[in-house]
Novice: 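Quick one: the structure is below, and I'll ask about it shortly.
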Amino acid sequence: MSNTAQPTTTDAPRHRYDAQRANELEPRWQEAWARADAFRQPNPGEPAFDASRPKFYCLDMFPYPSGAGLHVGHPEGYTATDIICRYKRMKGFNVLHPMGWDAFGLPAEQYAIATGIHPAQTTRTAIDNFRRQLQRFGFCYDWSREFGTIDPEYYKWTQWIFLKLYDAWFDAEGDERTNAGKARPINELVTRFESGARPPRLNQDAHEFSDAEKAQSFGAWASLDAATRRRIIDSYRLAYIGETTVNWCPRLGTVLANDEVIDGKSERGGHPVLRKPLRQWMFRITAYADRLLTQLDGLDWFESTKTMQREWIGRSDGAEIDFAVDGHRPLRVFTTRPDTIFGATYMVVAPEHPLCAHVLAGLAGVDERTRTKLKDYIAWAKNKSDVERQEDAKEKTGVFTGVSAINPANGDKIPVWTADYVLMGYGTGAIMAVPAHDERDHAFAKAFNIPIQRVVKNADPAGEPGFRIDVNEGEVPGSQTPDIVQKYGSPEVYTEGRWVRQIIFRAQKHASEFARTLKHKTSIHPDKVVGFLPYVGDGVNVNSSNKEVSLDTLPTPEAKRVITEWIEKKGLGRRRVNYKLRDWTFSRQRYWGEPFPIVFDDQGNHYPVSDAALPVTLPEIADYAPIESDDPTALLAKATTWARTTAGAAGVSPEVLAPDTPVTRECNTMPGSAGSSWYFLRYCDAKNPKEFASRAASDYWMNTDLYLGGSEHAVGHLLYSRFWNNVLFDLGHAPTREPFQKLFHQGMITSFAYQRSDKTLVPVDQVEEKTEGQYIETATGQPVAQIVAKMSKSLKNVINPDDVIAEYGADTFRLYEMYMGPLDASKPWNPRDIAGCYRFLQRAWRVCVDESTGAPRVTDQQDADLERQLHRLIKKVGADIERLAFNTAIAAMIEFTNAATPAGPAQKAGGVLTRDQLERFLIVLSPFAPHFAEEVWDKLGNAFRGFACHQPWPVFDPAMLVDSEIEIPISIMGKVRTRILLPADAAKEPKTLEAAAMAHAEVQKLIAGKEVKKIIAVPGKMVNLVLG
RNA sequence: GCGGGCGUGGCGAAACUGGUAGACGCACAGCACUUAAAAUGCUGAUCUCGCAAGGGAGUGCCGGUUCAAGUCCGGCCGCCCGCACCA
């Protein structure tokens, strides 16, 4: 497309900076840095460590090394952190800047399956390719800390951490100091049971634990049988086996986490996903819901990311209330609106709710016909996929269960329904339905003719919901605007002369009258009156009294408090906090993941492999393709001789299980997010064989000072990592509660694409530019619009970084990606624009180097203006790097280079910059274009002083930043009319500034004959004259 | 539907706390150098009226606050991202 980067033509100067030269010098300096271990950062305690320096831990989200190689999005973030790290090193920091590979998991395995080669091999190849590509950018990683999550020396510790969670429980009472829950080792729980203490709650909110209650009521832990004690303890573990409904993807042959399922399809591959009950390993992340929520407040993250996590955790405050039911134990509901209980006219349970099974079993005295209908409905609802559920969300379905409940507030007998709009997974799987004040309940009540009872009205009568008539646009001509609409209709909804779909009236009689008036003239029928709309906001209670309590006239928050107290006093329920967050399902039925360090005896009890026996290495098997099935099957079961073994051979401690006990290994593997949930800790001490990281190392390096990566991990990875780190902190293994103090997301690099008038997209190779900004589809000649879209194979607009480096060199590539726009913005790749950065380097080269001889160009004559500009540049680039504004830093360097370019004949003369100026410029440039800077630094004969990238950042003199004269704009009535040149001193003081402005001839001319009412003089900025 | 973000030349963008809108780059036009081209250097350019000097309008749209608004406030419109029957 572009030919700007063609190699030098024959008669061009021999020492030009071009792609060929860049591709020669860049690998040369990369090797020199590597040979000298230039970016190796020693740890505290190591010989070369300098404790006097401050530390800077800069973390990149490590990549999945896919077979496709690096995407242009990778170097965007990596260049940004590279610039910061190089800068911080020059500013005298100890810089931890590591890189590794997130290599277990679905993408790697999918690629392996696609190519038919073993994942271990394809992954190694992909890692080697990724490493080669990253090194070609000259990134200053400390490669001595490199690891992959697939390395047994690494996943040994992933398994070890799993065992720590297995061996821990969450003490909701926590420690008194922080007043928050915390994890403790299981043996502390056992000690508590043995001492006869009250069983702790599982989570911060209440839970059922009948076994534990039993233990307490027996009063003697020791008297319980071993199986019961085991069951009780297991129910407290942070890593536990639980049965939940999971997202099962038959095609991928594995369970997926909620964030791996998009619109009912797998994130990888887009295969259908079914909901299945399954027993598998889970993490009790819900125990940490509150901490994960409140600790967000102290983090320096994008507010949008924090919001996403808050919403994912989804805290809501309300109450749990028991409703008495005939023939069944009380039905417990969760509600955030206990104040509306007097308006609860029916109840709904999820189709999976035990009450349904109870009724179907004939235990509730419900007649045969109702039971049959119930059974059919439940079967129908169960077979609905997630996609169908979402599509059907608007239309309410359900059936009457045949049982009734008693509303404890007013004693009314209300029907219990089942409907799929109530989810078993949230709250208690049952609700009290208040159709007057909830949109879903309202829609359901309307559909099934259930009474609606209003119990809250808006404090402001104007904001009251009204009665609604649905009218199709154009159904009533504007001329028929009935007076009644003007009189009673809601003016926001009905606008003059134009009919919208809904007309809302304050009172039903107005609505009915309106409908009657229109009936004989139009097709509008009185039964289009919908009735009053649900009012879901806060207000004042009405119709809410019984003999013991009255909420009437109370505002909503007050009513909530009063009714909750009454409910608690009556023993009907209690205050309760609920979270949307689910426990983290951790088992995958795949090959390419960390094996669990767990075995089962023949009774199905699980036992940990001892720390000393870790890692449990992944067995070599020939057939690792997924077992495609509607029924989840663990893949490692294919490795029969590995899976079936003895406790001793598996490494279970003899104190836990006799060595000759036959056992079966856990055949599930861990999900891709396991290895990435703690890698930031391993970097602190990456090769430590004895610990996952020494405390001395992690104490020094943690917290991360900057974590940079894509916002697509806003919930998954970033929440899981926070959870693991919190647990490790509680157990004394990690130095900080939170792992990522400052988090930043780079924007996505998109691409131009072309769109036909019917909105379909055309691949870029089928489009040509006709005239400037006008594009046509080659085949048809039809004009197409240029739009911005994600890079995709189908649009043929994917950029391969290797090609760009070959055409321009890595320094140009780095500069271009940083110059495109703000780091956090998404921005389109434009091949044309790369040339600008390439030309900048060529010009900078010409400033520094004589193109015909290759000798450095220096002068003895220091130019005062250039010196001042250089000081400004040093200041600006430093400040811009600190605020991650690389685009403006580069613009400033371009400007300086333009100023330092010898014009016309001076080109042939010596340099324009002195040696000292040249050196400072090179150092400022070096974080951005490190190879270029190194090469010229070396040409200046500076090799004896070490690498350019090891030089201290130059200092600027504040005195050099001010100009002797400043141009001040003079505006009259806020419009700039003229500009005057003033000595800096005069412009600094409002008094002298004002006087100077008024004394100026041009200004006098402009205000001649007019009265100056007011003068605003902003020191050093401008003067504004207000005329009469 | 709910939550978050963003709308500035032909294009990517800049303007950090309200104070010269469009820095810097791309593309474009002209000039110089050249036999010519490329490369390089210089100059121009938001739109509009005007030969020019100069005037007018202008940061998605409408309104407000202010001596002064891209920036603050209210209301619309459009685009992007996330969540989505969570009681």
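Chain identifiers are assigned alphabetically (A, B, ...) following the order of the sequence lines, protein sequences preceding nucleic acid strands; residue numbering begins at 1 within each chain.
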Novice: Taking pairing as Watson-Crick or G-U wobble with both contacts under 3.5 Å, can you name the mate of G10(B), or confirm there isn't one?
Specialist: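 With both distances under 3.5 Å, G10(B) matches C26(B).
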Novice: Between Asp18(A) and Arg16(A), is the closest basic N to carboxylate O distance under 4.0 Å?
Specialist: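 Salt bridge: no.
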Novice: Rounded to the nearest angstrom, tell me the gap between atom NZ in Lys446(A) and atom C1' in C85(B).
Specialist: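 Atom NZ in Lys446(A) sits about 20 Å away from atom C1' in C85(B).
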Novice: Determine the contact category for Val1018(A): base if any of its heavy atoms lies under 4.0 Å from a base atom, sugar-phosphate if only primed atoms, P, OP1 or OP2 are that close, otherwise nothing.
Specialist: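 Base contact - Val1018(A) has a heavy atom under 4.0 Å of at least one base atom.
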Novice: Calculate the interatomic distance between Tyr17(A) atom OH and U40(B) atom C1'; express it in whole Å.
Specialist: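 Distance check: Tyr17(A) OH to U40(B) C1' gives 18 Å.
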Novice: In whole Å, measure the gap between the C1' atoms of A57(B) and A37(B) for me.
Specialist: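 Approximately 43 Å lies between the C1' atom of A57(B) and that of A37(B).
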Novice: Below 30° counts as parallel, above 60° as perpendicular, anything between as tilted: where do the rings of His717(A) and His713(A) land?
Specialist: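 It falls in the perpendicular class, over 60°.
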Novice: Is Arg979(A) touching bases, backbone alone, or none of the nucleic acid, heavy atoms closer than 4.0 Å?
Specialist: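 Base, at least one base heavy atom under 4.0 Å.
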Novice: Taking the six-membered ring for Trp, is the centroid-to-centroid distance between Trp829(A) and Phe813(A) below 6.0 Å?
Specialist: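 Judged by ring-centre distance (under 6.0 Å), Trp829(A) and Phe813(A) do meet the cut-off.
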Novice: Just how far is it from atom OG of Ser316(A) to atom CZ of Arg337(A), taken to the nearest 0.5 Å?
Specialist: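 Going from OG on Ser316(A) over to CZ on Arg337(A), the span is 13.0 Å.
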Novice: With heavy atoms under 4.0 Å as the rule, sort Lys1021(A) into base, sugar-phosphate or nothing.
Specialist: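 It contacts sugar-phosphate atoms only.
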Novice: Which nucleotide in the set A23(B), C85(B), G41(B) lies at the smallest distance from any side-chain heavy atom of Lys396(A)?
Specialist: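 Within the option list, the nearest is C85(B).
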Novice: Just to be sure I understand the rule, does Glu303(A) reach a base, reach only the sugar-phosphate, or reach nothing, if contact means heavy atoms closer than 4.0 Å?
Specialist: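 Glu303(A): no heavy atom of the nucleic acid under 4.0 Å.
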Novice: Between A27(B), U20(B), A87(B), which one does the side chain of Val976(A) approach most closely?
Specialist: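 It is U20(B).
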Novice: Between G41(B) and Arg846(A), is there an OP1 or OP2 to side-chain N/O distance shorter than 4.0 Å?
Specialist: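 Answer is yes, contact under 4.0 Å.
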Novice: Compute the centroid of each ring, for Phe840(A) and then for Tyr819(A), and state whether the two points are separated by less than 6.0 Å.
Specialist: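 That pair fails the under 6.0 Å test.
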Novice: Between U20(B), C24(B), G3(B), which one does the side chain of Pro969(A) approach most closely?
Specialist: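 Of the candidates, U20(B) comes closest.
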Novice: Do His745(A) and Phe302(A) have side chains that approach each other closer than 4.5 Å (heavy atoms only, starting at C-beta)?
Specialist: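 A side-chain contact under 4.5 Å exists here.
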Novice: Extract from the structure each pairing of a protein N or O with an N or O of nucleotides 66-70 of chain B at less than 3.5 Å, listing the distance.
Specialist:
{"unit_1": "C67(B)", "atom_1": "O2'", "unit_2": "Asn1024(A)", "atom_2": "ND2", "d": "3.1"}
{"unit_1": "C67(B)", "atom_1": "O2", "unit_2": "Asn1024(A)", "atom_2": "ND2", "d": "2.6"}

Novice: Check for me whether the distance between the ring centres of Phe744(A) and Trp301(A) falls short of 6.0 Å.
Specialist: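 No.
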Novice: Rounded to whole Å, how long is the line connecting atom NE2 of His713(A) with atom C1' of C81(B)?
Specialist: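 Spelled out: NE2 on His713(A) to C1' on C81(B) is 16 Å.
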Novice: Which whole-number value in Å describes the distance from Leu993(A) CG to G19(B) P?
Specialist: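 After rounding, the gap between these two atoms is 16 Å.
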Novice: ring-ring contact (aromatic ring centres under 6.0 Å, His included) with Tyr838(A): which of Trp845(A), Tyr808(A), Tyr816(A)?
Specialist: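 The ring-ring contact (aromatic ring centres under 6.0 Å, His included) with Tyr838(A) is passed solely by Tyr808(A) among Trp845(A), Tyr808(A), Tyr816(A).
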Novice: Take atom CD of Glu817(A) and atom P of G25(B), then tell me their distance rounded to the nearest Å.
Specialist: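 Between P of G25(B) and CD of Glu817(A): 20 Å.
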Novice: Regarding Ser316(A), tell me which of base, sugar-phosphate or nothing describes its non-hydrogen contacts under 4.0 Å with the strands shown.
Specialist: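 The answer is sugar-phosphate, as Ser316(A) gets under 4.0 Å only of primed atoms, P, OP1 or OP2.
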Novice: Checking side chain to side chain contact (heavy atoms under 4.5 Å, CB included) against Tyr346(A), which of Asn407(A), Asp441(A), Val416(A) comes through?
Specialist: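 By the side chain to side chain contact (heavy atoms under 4.5 Å, CB included) criterion, Tyr346(A) pairs with just one of Asn407(A), Asp441(A), Val416(A): Asp441(A).
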Novice: Please tabulate the protein-to-nucleotide N/O contacts below 3.5 Å involving nucleotides 11-14 of chain B, giving atom names and distances.
Specialist:
{"unit_1": "G12(B)", "atom_1": "O2'", "unit_2": "Met820(A)", "atom_2": "O", "d": "2.7"}
{"unit_1": "A14(B)", "atom_1": "OP1", "unit_2": "Asn887(A)", "atom_2": "ND2", "d": "2.9"}

Novice: From the options C24(B), U40(B), A87(B), select the nucleotide whose nearest atom is closest to the side chain of Gln842(A).
Specialist: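 Out of C24(B), U40(B), A87(B), the nucleotide with an atom closest to Gln842(A)'s side chain is U40(B).
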Novice: From CD1 of Ile321(A) over to C1' of A87(B), roughly how many Å is that when rounded to an integer?
Specialist: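 Taking CD1 of Ile321(A) and C1' of A87(B), I get 11 Å after rounding.
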Novice: What's Arg977(A) touching, base or sugar-phosphate or nothing? Going by heavy atoms closer than 4.0 Å.
Specialist: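 Contact class for Arg977(A): sugar-phosphate only.
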Novice: Determine whether more than 12 heavy atoms belonging to other residues, nucleotides or ligands lie under 6.0 Å from atom NZ of Lys875(A).
Specialist: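 Counting neighbours around NZ of Lys875(A), 12 or fewer heavy atoms of other residues, nucleotides or ligands fall under 6.0 Å, so no.
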Novice: Using a heavy-atom cut-off of under 4.0 Å over every strand shown, decide if Met308(A) touches base, sugar-phosphate, or nothing.
Specialist: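 Here Met308(A) touches the backbone only, sparing every base.
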Novice: Between atom CH2 in Trp312(A) and atom P in G4(B), what is the gap in whole Å?
Specialist: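 It works out to 19 Å between those atoms.
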Novice: What is the distance, rounded to the nearest whole Å, between atom NZ of Lys975(A) and atom C1' of G55(B)?
Specialist: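 It works out to 11 Å between those atoms.
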Novice: Tell me which of Lys790(A) and Tyr426(A) sits closer to the 5' end of RNA chain B, going by the nucleotide each one is nearest to.
Specialist: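 First, find each residue's nearest nucleotide; the 5'-ward one identifies Lys790(A).
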Novice: Identify whether any heavy atom of Ile894(A) sits under 4.0 Å from a base atom; if not, whether one sits that close to sugar-phosphate; answer base, sugar-phosphate or nothing.
Specialist: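 Result for Ile894(A) = sugar-phosphate.
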